[in-house]
**Student:** 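I have a structure I would like to understand better, so I am pasting it below and will then ask my questions one at a time.
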Amino acid sequence: MDEDRQEDLDIPPIAEQERMVEALLFASAAPLGTRDLAARMPKGCDPAEALMHLRKRYEGRGVCVVRVGDGWAFRTAPDLGHLMRVESVETRKLSRAAIETLAIIAYHQPVTRAEIEEIRGVSVSRGTVDQLLEMEWIRFGRRKMTPGRPVTFVVTQEFLDHFGLESARDLPGLQELRAAGLLENRPPPGHMPDSVRDESDENDEAEAAPGQNELFED
């Protein structure tokens, strides 16, 4: 028997090559290319053909063989991907400082950090603002055209969606908050106007008034 025929006899049958490819892909943490497969399989094997057979065998199954870049890997069948999702509710408690800061931004937007501190009567830490930004409840607004051009803050669509509001105008006024027991009847030092909603409307009207937009940078 010549060497060529002996070598042909040593090459595993395609069914066995398919099993080898299946085992290699299953055990690998990363996709494997045909060169990677050939390097690990006996000489003379054809990983490309073995892959073709393997892909056909897994058609319609819960997992399938898919191309990932230059390699191949097992992946969950696309139509079953929703079964792999794990939904969890993460409860995040806001500090009192964050709640107060968020309320001031919601009722007075666009508002600068200095204006928030003036209303609260205390300084606003960077961590408080960063937390609200990370939650995507506030975002940066336009800069005021005043010395230093301070940036302003406004609430986001995510904030409105979370609280079921169509716009900031739907925020409850002071009378409603007091009726719900969320505010004391006696206004605190540096109190806000009797009706926050009215003030919000006035701010909107003032913002649309001639010359008002000159206070902000586009």
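Just the heavy atoms: all of them, side chains too, but no hydrogens, waters or symmetry mates, feed the values below.
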**Student:** If we only count heavy atoms from C-beta on, is the I116 to F153 side-chain gap below 4.5 Å?
**Tutor:** yes
**Student:** Considering residues at least two apart in sequence or located in another chain, which fulfil the side chain to side chain donor-acceptor pair (under 3.5 Å) criterion with R35?
**Tutor:**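 Scan of R35 (side chain to side chain donor-acceptor pair (under 3.5 Å), adjacent residues dropped) gives none.
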**Student:** Measuring from D70:CG to L32:CG, what's the distance to the nearest 0.5 Å?
**Tutor:**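 One gets 12.0 Å once the value is rounded to the nearest 0.5 Å.
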**Student:** Any salt bridge (charged side-chain N to carboxylate O under 4.0 Å, His left out) involving residues 106-118? Give me the pairs, sequence neighbours left out, ordered by first then second residue.
**Tutor:**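 Listed once each, the pairs are E115-K144.
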**Student:** Looking only at heavy atoms, which two atoms of D46 and I14 are closest? And how far apart?
**Tutor:**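 Reported closest heavy-atom pair: O-CD1, 4.5 Å.
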**Student:** If I compare all heavy atoms of A73 with all of V68, which pair ends up nearest, and what's the gap?
**Tutor:** CB-CG2, 4.3 Å
**Student:** Any heavy-atom pair between the side chains of T112 and T152 that's under 4.5 Å?
**Tutor:**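 Yes, close enough: below the 4.5 Å cut-off.
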**Student:** Any side-chain to backbone donor/acceptor pair from T156 onto F159? Under 3.5 Å, distance only.
**Tutor:** yes
**Student:** Should M135 and F140 be counted in the same cluster of Ile, Leu, Val, Met, Phe, Trp and Tyr side chains packed under 4.5 Å apart?
**Tutor:**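 They do share one cluster, since a chain of ILVMFWY contacts under 4.5 Å joins M135 to F140.
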**Student:** For a quick test of your reading: what N or O donor-acceptor pairs under 3.5 Å do the side chains of residues 121-130 make, sequence neighbours left out?
**Tutor:**
unit_1, atom_1, unit_2, atom_2, d
S125, OG, T128, N, 3.3
S125, OG, T128, OG1, 2.9

**Student:** Compare all side-chain heavy atoms of L94 with those of W137 and state whether any distance is below 4.5 angstrom.
**Tutor:** yes
**Student:** Looking at CD1 of I104 and CD of Q109, how far apart are the two atoms once the value is rounded to the nearest 0.5 Å?
**Tutor:** 13.0 Å
**Student:** If we ignore hydrogens and angles and just use 3.5 Å, is the side chain of R143 paired with the main-chain N or O of R149 as donor and acceptor?
**Tutor:**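 Yes; judged by distance alone, with no hydrogens or angles, the pair exists.
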**Student:** As an exercise, state the distance from CD1 of I138 to OG1 of T101, rounded to the nearest 0.5 Å.
**Tutor:** 8.0 Å
**Student:** Using atom types as modelled, flag every donor-acceptor pair under 3.5 Å from a side chain in residues 47-57 to any protein atom, sequence neighbours excluded.
**Tutor:**
unit_1, atom_1, unit_2, atom_2, d
R57, NE, E18, OE2, 2.4
R57, NH2, E18, OE2, 3.4
R57, NH2, E22, OE1, 3.0

**Student:** Consider only side-chain heavy atoms of I, L, V, M, F, W and Y, link residues closer than 4.5 Å, and tell whether I99 and V154 are in one cluster.
**Tutor:** no
**Student:** For the residue pair P78 and C64, what are the closest heavy atoms and their distance?
**Tutor:** CD-SG, 4.3 Å
**Student:** Linking I/L/V/M/F/W/Y whenever their side-chain heavy atoms sit closer than 4.5 Å, directly or via other members, would L102 and L160 fall into one cluster?
**Tutor:**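 Result: yes, single cluster for both.
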**Student:** Looking only at heavy atoms, which two atoms of M20 and P12 are closest? And how far apart?
**Tutor:** CE-CG, 3.8 Å
**Student:** Just jot down the side chain to side chain donor-acceptor pair (under 3.5 Å) partners of E16, sequence neighbours excluded, or say none.
**Tutor:**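 Only R19 meet the side chain to side chain donor-acceptor pair (under 3.5 Å) criterion with E16.
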**Student:** Specify the closest pair of heavy atoms between W72 and L25, including all atoms of both residues, with the distance to one decimal.
**Tutor:** O-CD2, 3.3 Å
**Student:** Roughly how far, to the nearest 0.5 Å, is NE2 of H82 from OG1 of T76?
**Tutor:** 11.5 Å
**Student:** Going by side chain to side chain donor-acceptor pair (under 3.5 Å), name the residues that satisfy it together with R120, two or more places apart in sequence or in a different chain.
**Tutor:**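 Side chain to side chain donor-acceptor pair (under 3.5 Å) list for R120, sorted by chain: E100.
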**Student:** Do you know which two heavy atoms are closest between R139 and V155, and how far apart they sit?
**Tutor:**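 Closest approach of R139 to V155: NE-O, 4.4 Å.
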**Student:** State, with a plain yes or no, whether a side-chain heavy atom of P150 is found less than 4.5 Å away from one of T146.
**Tutor:**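 With C-beta onward as the side chain, the pair touches.
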**Student:** Can you hop from V63 to V66 via hydrophobic side chains spaced under 4.5 Å?
**Tutor:**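 V63 does not cluster with V66.
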**Student:** Among the clusters formed by ILVMFWY side chains lying less than 4.5 Å apart, do Y107 and I119 turn up in the same one?
**Tutor:**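 Y107 clusters together with I119.
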**Student:** Can you establish whether the number of heavy atoms outside R40 located under 6.0 Å from its atom CZ is more than 12?
**Tutor:**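 Counting other residues, nucleotides and ligands, CZ of R40 stays at 12 neighbours or fewer.
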**Student:** Report the distance from atom CG of D10 to atom NZ of K43, rounding to the nearest 0.5 Å.
**Tutor:**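 Atom-to-atom, D10:CG and K43:NZ are 10.5 Å apart.
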